Each structure stands twice: as C-alpha cells, then as structure tokens.
Amino acid sequence: MSDVVMVTGAAAGLGREMALHFLREGWRVALADLSVAAVQTTLNEAGEQARNGIALGLDIREEAGFSRALAQVTAHFGELHALVNNAALTLTTPIMDISVVEFDRVLTTNLRGTFLGCQTVGRYFAQRGYGRIVNLASLAGQNGGTASGAHYAASKGGILTLTKVFARALAKDGVTVNAIAPGPLDLPSVRAVVPEENMPALLAMIPVASLGSPGFVARTAALLASRQAEFVTGAAWDINGGIYMR
Ligand SMILES: NC(=O)c1ccc[n+]([C@@H]2O[C@H](COP(=O)([O-])OP(=O)(O)OC[C@H]3O[C@@H](n4cnc5c(N)ncnc54)[C@H](O)[C@@H]3O)[C@@H](O)[C@H]2O)c1
C-alpha cells in the first residue's frame, strides 16, 4: 500500500497543485480545507486517481481541528504517514495600517495553524515511530518580504523556527520536520496582487527573471515527504529564483 499524506489548504493554489501531484504519484491523499465542497472539487479534478483521495473540512486555527481530521483520515485509510502544512492567509496590508484584529487573524491561521498541525499529527507520528512533516514557510519569513504584509512575513519566520524546534523534538521518534521557503510562484495568489503592468518590475528583481513553478514545489514537497528523506530534518529548502542567497 502507498503512503498516506494530508495536505492542508488543498482547495486552491499550491495546496491544490501538491494534492494533485501526490495523487498522480500514487499516494493516498487527504485533501483538507475550510470548505469540504471546494476541496471535493479539487479531488474530482484527479479523475481516476480521485478514488485514492478523501476531502475533509478542516479549520487549522481550531484546537480540535487536526484531531478530528486525523480521526477521519485513520478511519478512512487506516493510517497517516505525512502532513503538509500549507494552508495560510496571505495579506499585504502596509505595516502601519495593520490592525490588531488583522494581525491576530494572520498569526492565528499561519503560525498557530502550523503549530497545531505539527503538535497533533507529530504526536501521532511519534507514537508510530515514523512520520514526515513539510511546512510551507516563505522567502518573506527570511528577508521580511517585498509585496507581502509584515504579519504574513512574521508568521512565516515563526514557521521556520517552529520547524527546527519540532524537528529536534521528534527526530528520535523517526519523524522529520522540514520547511520549504518559496519566492513568488506562478499562482493566482501572486497574480492577484501584482497587476500585469507591474510584472516586469517584479521579474526584474528576480535573478532568474521568472516566477517559480508550483509543480516543482509540489515535487520537492513529495521528496521531503518520502521514505528516502530520512536524513533531512530541521531544514528550510529555498526555492526563490536567487532572490535571497545564503
Ligand atoms: N504563492 C506564492 O508565491 C507563495 C510563496 C511563498 C510561500 N507560499 C506559501 O504557500 C502556501 C500556499 O499559498 P497559495 O498562494 O497557494 O495560497 P492561496 O491563498 O491560494 O491558498 C490557500 C488555501 O488555504 C486555505 N485556508 C486558509 N485559511 C485556512 C484555514 N484556517 N483552515 C484551512 N484552510 C485554510 C484557503 O481556503 C486556500 O484554499 C502558503 O503557506 C503560502 O504562504 C506561497
């Protein structure tokens, strides 16, 4: 039997891309998002392979959300091997205009959501002695961001730190925890905040002069989620076209 992966935020954008990639590669996949109907639509796009998937409603901000999702996944597939913490809110409000309410909303979704996923599913993985967690961080969490908001960038910096702490805590139990830090990808979320006329200016600040491929990020997530990735943990893999070199 193939491994089982849960992808959060699988209804749209990168999460959708990753969930469909896992299905194409023969994984069994739990696609989770706020709306079951939306994530079911993504699953239906997989055609034949949709039979290896399940659509779940999950709000990553809720303390009991991941326990419920885990119970549904194990009831359906019998087990879970990998978690991709992808769901996030990407807001671009200028720093001096961010309200406390909006700040909390972004941090609660992005940082607490990832924390809850790592803790709840990480505990289950540790008990079984095997697991893979892949967190979606961002270039913004490393360089403060360019187009994205301060709350978003700070949440992504926090995810990079949580990745290391969970990696250290779970390493002895066969569980790896890693982050992917993409730069701007060719996705609707990026095109929505960059008007067509500003695209040349964006591309001019990217050394390789193009947006990143969501498909490549999906393949990277699948590599980190695979059995063979046992020697990578606590890492952040940069996929940013050379915008930030370290
Ligand atoms: N798009 C990029 O260029 C880029 C760059 C760097 C990092 N990332 C990261 O990749 C991930 C996906 O980005 P995207 O551009 O596809 O975003 P998106 O906004 O297109 O999709 C995010 C998905 O998460 C879901 N979601 C939001 N809040 C949720 C919640 N509380 N519970 C469950 N699901 C929730 C949304 O419904 C949506 O389906 C994010 O973590 C983002 O920070 C993206």
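These numbers come from a predicted model, not from an experiment. Just so you know, ligand 1 is whichever comes first in the structure, and atom 1 is the first atom listed for that ligand.
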So among Asn86, Val84, Ile239, which one has a side chain to side chain contact (heavy atoms under 4.5 Å, CB included) with Ile180?
Ile239
Nearest-contact summary for atom 42 (C) of ligand 1 - protein heavy atom, Å:
Tyr152 OH, 3.5 Å
Tell me the contacting part of Asn110 for ligand 1: side chain, backbone, both, or neither, using a 4.0 Å heavy-atom threshold, strictly below.
neither
Do Ile243 and Pro207 come within less than 4.5 Å of each other through their side chains, counting heavy atoms only?
yes
Should the pair Arg112-Glu63 be classified as a salt bridge under the 4.0 Å nitrogen-to-oxygen rule?
no
Applying a 4.0 Å heavy-atom criterion (strictly less than), which segment of Ile60 is in contact with ligand 1: side chain, backbone, both, or neither?
both
Indicate, as side chain, backbone, both or neither, the part of Asn86 found under 4.0 angstrom from ligand 1 when only non-hydrogen atoms are considered.
both
Can you tell me the protein heavy atom closest to atom 6 (C) of ligand 1 and the distance?
Pro182 O, 3.2 Å
Side-chain ion pair, Asp186 and Arg191, N-O less than 4.0 Å:
yes
Tell me, which protein residue and heavy-atom name are nearest atom 7 (C) of ligand 1, and how many Å apart are they?
Ala137 O, 3.3 Å
Which residue supplies the protein heavy atom nearest to atom 33 (C) of ligand 1, what is that atom called, and how far is it?
Leu58 O, 3.1 Å
Geometric cation-pi criterion Arg227 and Tyr130, 6.0 Å radius, 45° cone
yes
Thr109 to ligand 1, any heavy atom closer than 4.0 Å
yes
Atom 36 (C) of ligand 1 [closest protein heavy-atom partner, distance rounded to 0.1 Å]:
Asp33 OD1, 3.5 Å
How close does the nearest protein non-hydrogen atom get to atom 14 (P) of ligand 1, and which residue and atom is it?
Ser189 OG, 3.8 Å
Looking only at protein heavy atoms, identify the closest one to atom 2 (C) of ligand 1 and say how far it is in Å.
Val190 CG2, 3.7 Å
Residue, atom and distance of the protein heavy atom nearest atom 24 (O) of ligand 1 read Gly9 CA, 3.5 Å
Under 4.0 Å, heavy-atom basis, I'd like to know which part of Lys156 is in contact with ligand 1: side chain, backbone, both or neither.
side chain
